[in-house]
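Quick notes on the structure that follows.
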Amino acid sequence: MTEAATGAMSGLRVIDLTRVLGGPYCTQILADHGADVIKVEPPAGDEVRDWGPPFHDDDAAYFVGINRNKRSIGLDLASEGGRVVLLKMLETADVLIENFKPGTLEKWGIGNDVLSKTYPRLVHCRICGFGADGPRGGNPGYDAIIQAMTGMIAATGSPESGPMRIGVPLVDITTGLYAAIGILMALSERQRSGKGQFLETTLYETGLAIMHPHTANYFMHGKPPGLTGNEHPNLVPYAIFPTKTDNIFIGVGNDGTFRKLAKEIGKPELGTDPRFARNKDRIANREALRAELAAVFSQHEAEPLCNRLLAAGLPAGPVQKIDQALTNPHTIARGDVIEKDWYKGVASPIRLDRSKPSLRRLPPKFSQHAQEVLGEFGYSNAEIDAMVAKGTVCGPERKR
């Protein structure tokens with residue numbers, strides 16, 4: 001790399017064959033912390049480059065938001081020549097991550113059985129929809145479809161709205177997080193064994209894994225969750241309330257906190273009222289308590305009220321839009337928005353004391369670094385030009 005990386009993952013080389021969201025989100029985590037991530041794109045490029053508007057040049061914000069600190073090379077892996085280049089790159093790689101349909105690499109003759117023998121220290125991570133086996137093995141997976149199939153949509157929404165998709169691609173993003181954790185686990189184990197290994201994270205199993213507390217509740221009482229809107233199935237009060245100005249969210253996790261809240265808002269009697277004294281009582285009398293609290297909160301402005309409650313150690317926050325969140329004084333003070341040239345993004349939330357994340361590279365243009373990357377692997381300019389002419393390696397123009 002032309003820029004020195006000093007993060008916790010500095011010295012780690014990642015060959016990233018993933019597209020769309022889960023895989024790129026995973027590799028951006030590693031890249032932010034110093035890993036050399038080489039993004040290998042098909043001749044048509046990562047399709048989320050087209051998921052706009054808005055765009056910067058020809059690249060959608062969707063792509064820009066999850067592909068910083070990476071280098072891009074366009075490579076036709078469906079060709080034998082492209083696979084030869086990939087295998088050359090894997091000679092010095094620590095991690096290979098891909099999200100091909102299970103069986104694709106095997107069809108190309110470079111399945112994990114081949115890779116593990118040829119590159120015994122390689123950590124090979126696959127992200128896919130359902131895994132390779134089981135009744136749905138090999139089926140494609142998409143965030144909203146997995147939300148639907150794992151009970152997430154059925155547990156989201158209100159009786160008035162009906163079931164609703166969660167407004168962020170939670171399954172894709174969390175699958176990327178699990179993949180990053182799995183890669184770090186495999187690298188840690190490699191320090192002891194000297195061997196890499198194959199790991200798989202699926203959207204389907206991620207969807208099931210993050211359905212807490214609904215799965216735990218179901219295992220306990222055998223009842224599927226109902227639609228509670230912004231209310232919590234296990235805690236009260238835990239919901240949105242209107243004020244004079246904006247909505248606020250109040251979350252109370254135990255009886256002591258509720259008594260403290262009641263005292264802080266000038267209604268200490270609510271903390272000892274037998275209808276509300278214990279969490280199970282508050283659940284049984286949810287609507288009565290909502291009416292009591294709403295009457296109090298309606299007399300206050302959102303921001304001063306939340307500031308006072310937070311200062312008292314009580315969980316409360318204004319319901320902000322994204323522009324308010326990104327320009328909030330706390331966001332600014334913590335340096336949570338990072339900038340370089342035209343680029344703005346949200347900083348890595350992983351704050352290590354010595355090994356800090358950094359913004360070294362802007363999100364790459366398609367195949368921007370082909371010449372640079374291939375030169376590092378020993379290819380001459382003439383060889384690279386010949387591969388570009390043949391279509392094995394892509395120039396800056398995508399095949400749409």
Side-chain angles (χ1 to χ4, degrees), residues 1 3 14-33 35-77 95-101 125 127-129 140-146 167-177 179-180 201 203 322-323 326 336-349 357-373 393-400:
M1 298 177 69
E3 292 93 347
V14 179
I15 306 301
D16 179 6
L17 308 186
T18 66
R19 312 175 327 282
V20 191
L21 179 52
Y25 192 85
C26 166
T27 54
Q28 182 168 279
I29 294 171
L30 302 176
D32 279 353
H33 289 268
D36 176 16
V37 175
I38 300 174
K39 183 177 179 67
V40 178
E41 300 187 57
D46 186 332
E47 54 260 51
V48 299
R49 287 184 182 271
D50 298 323
W51 285 15
F55 290 96
H56 176 266
D57 295 337
D58 290 332
D59 294 325
Y62 204 112
F63 174 87
V64 166
I66 51 174
N67 282 289
R68 66 183 175 230
N69 286 327
K70 305 176 188 180
R71 298 188 287 173
S72 170
I73 172 174
L75 196 60
D76 183 6
L77 294 179
V95 177
L96 169 68
I97 178 169
E98 44 97 359
N99 60 353
F100 291 112
K101 179 181 177 181
C125 175
I127 292 176
C128 59
Y142 301 91
D143 181 277
I145 308 306
I146 302 301
V168 294
L170 186 63
V171 175
D172 279 339
I173 288 173
T174 311
T175 302
L177 288 168
T201 59
L203 300 181
I322 189 68
D323 57 332
L326 292 175
D336 292 327
V337 174
I338 53 177
E339 300 182 48
K340 185 174 183 176
D341 300 335
W342 57 266
Y343 173 85
K344 281 188 176 183
V346 176
S348 171
S358 61
L359 174 55
R360 305 177 307 282
R361 292 181 179 268
L362 302 182
K365 305 302 294 181
F366 174 69
S367 208
Q368 176 183 345
H369 303 98
Q371 196 91 11
E372 174 186 316
V373 168
V393 174
C394 303
E397 295 298 321
R398 290 187 283 153
K399 295 180 180 179
R400 297 175 184 253

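Numbers for residues simply follow the sequence, beginning at 1. Because the structure is a prediction, the values reported are computed rather than measured.
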Could you tell me the separation between the [atom1] atom of [X] and the [atom2] atom of [Y], rounded to the nearest 0.5 Å?
{"X": "Lys70", "Y": "Thr27", "atom1": "NZ", "atom2": "OG1", "answer": "3.0 Å"}
{"X": "Leu21", "Y": "Asp46", "atom1": "CG", "atom2": "CG", "answer": "10.0 Å"}
{"X": "Arg361", "Y": "Leu359", "atom1": "CZ", "atom2": "CG", "answer": "11.5 Å"}
{"X": "Ile66", "Y": "Ile173", "atom1": "CD1", "atom2": "CD1", "answer": "8.5 Å"}
{"X": "Glu98", "Y": "Thr18", "atom1": "CD", "atom2": "OG1", "answer": "9.5 Å"}
{"X": "Arg68", "Y": "Ser348", "atom1": "CZ", "atom2": "OG", "answer": "7.0 Å"}

[Y] side chain reached by [X] side chain, heavy atoms, under 4.5 Å:
{"X": "Pro169", "Y": "Tyr62", "answer": "yes"}
{"X": "Asn99", "Y": "Arg19", "answer": "yes"}
{"X": "Leu203", "Y": "Tyr142", "answer": "no"}
{"X": "Val346", "Y": "Leu326", "answer": "yes"}

[X] and [Y]: which non-hydrogen atoms are nearest, and at how many Å?
{"X": "Thr175", "Y": "Val171", "answer": "OG1-O, 2.7 Å"}
{"X": "Asp76", "Y": "Pro43", "answer": "CB-CG, 3.9 Å"}
{"X": "Ala179", "Y": "Cys125", "answer": "CB-SG, 4.0 Å"}
{"X": "Gly395", "Y": "Ser367", "answer": "O-CB, 3.5 Å"}
{"X": "Lys39", "Y": "Pro24", "answer": "NZ-CG, 4.0 Å"}
{"X": "Pro363", "Y": "Trp342", "answer": "CD-CH2, 4.3 Å"}

Hey, does the side chain of [X] reach the backbone of [Y] with a donor-acceptor pair shorter than 3.5 angstrom?
{"X": "His369", "Y": "Ile73", "result": "no"}
{"X": "Glu41", "Y": "Gly74", "result": "no"}
{"X": "Lys340", "Y": "Arg360", "result": "yes"}
{"X": "Asn69", "Y": "Ser358", "result": "yes"}

Would you mind telling me which of Thr201, Leu17, Ile127 makes a side chain to side chain contact (heavy atoms under 4.5 Å, CB included) with Ile97? Ile127

Sole candidate of Asp36, Val37, Val40 that passes side chain to side chain contact (heavy atoms under 4.5 Å, CB included) when paired with Arg71: Asp36

Donor-acceptor contacts, no H, no angles, side chain residues 52-60, under 3.5 Å, sequence neighbours left out:
unit_1, atom_1, unit_2, atom_2, d
Asp59, OD1, Arg49, NH1, 2.9
Asp59, OD2, Arg49, NH1, 3.1
Asp59, OD2, Lys365, NZ, 2.9

Criterion side-chain contact (heavy atoms from CB on, under 4.5 Å) on Tyr25 and Asp172, from CA distance to verdict: CA-CA 9 Å; Tyr25 192 85; Asp172 279 339; over 6 Å; no

Is the count of non-hydrogen atoms from other residues, nucleotides or ligands lying under 6.0 Å from Glu397 atom CD greater than 12? no

Among residues at least two apart in sequence or on other chains, which ones pass salt bridge (charged side-chain N to carboxylate O under 4.0 Å, His left out) with Asp143? none

Is it true that Arg398 and Asp50 have a side-chain N and a carboxylate O under 4.0 angstrom from each other? yes

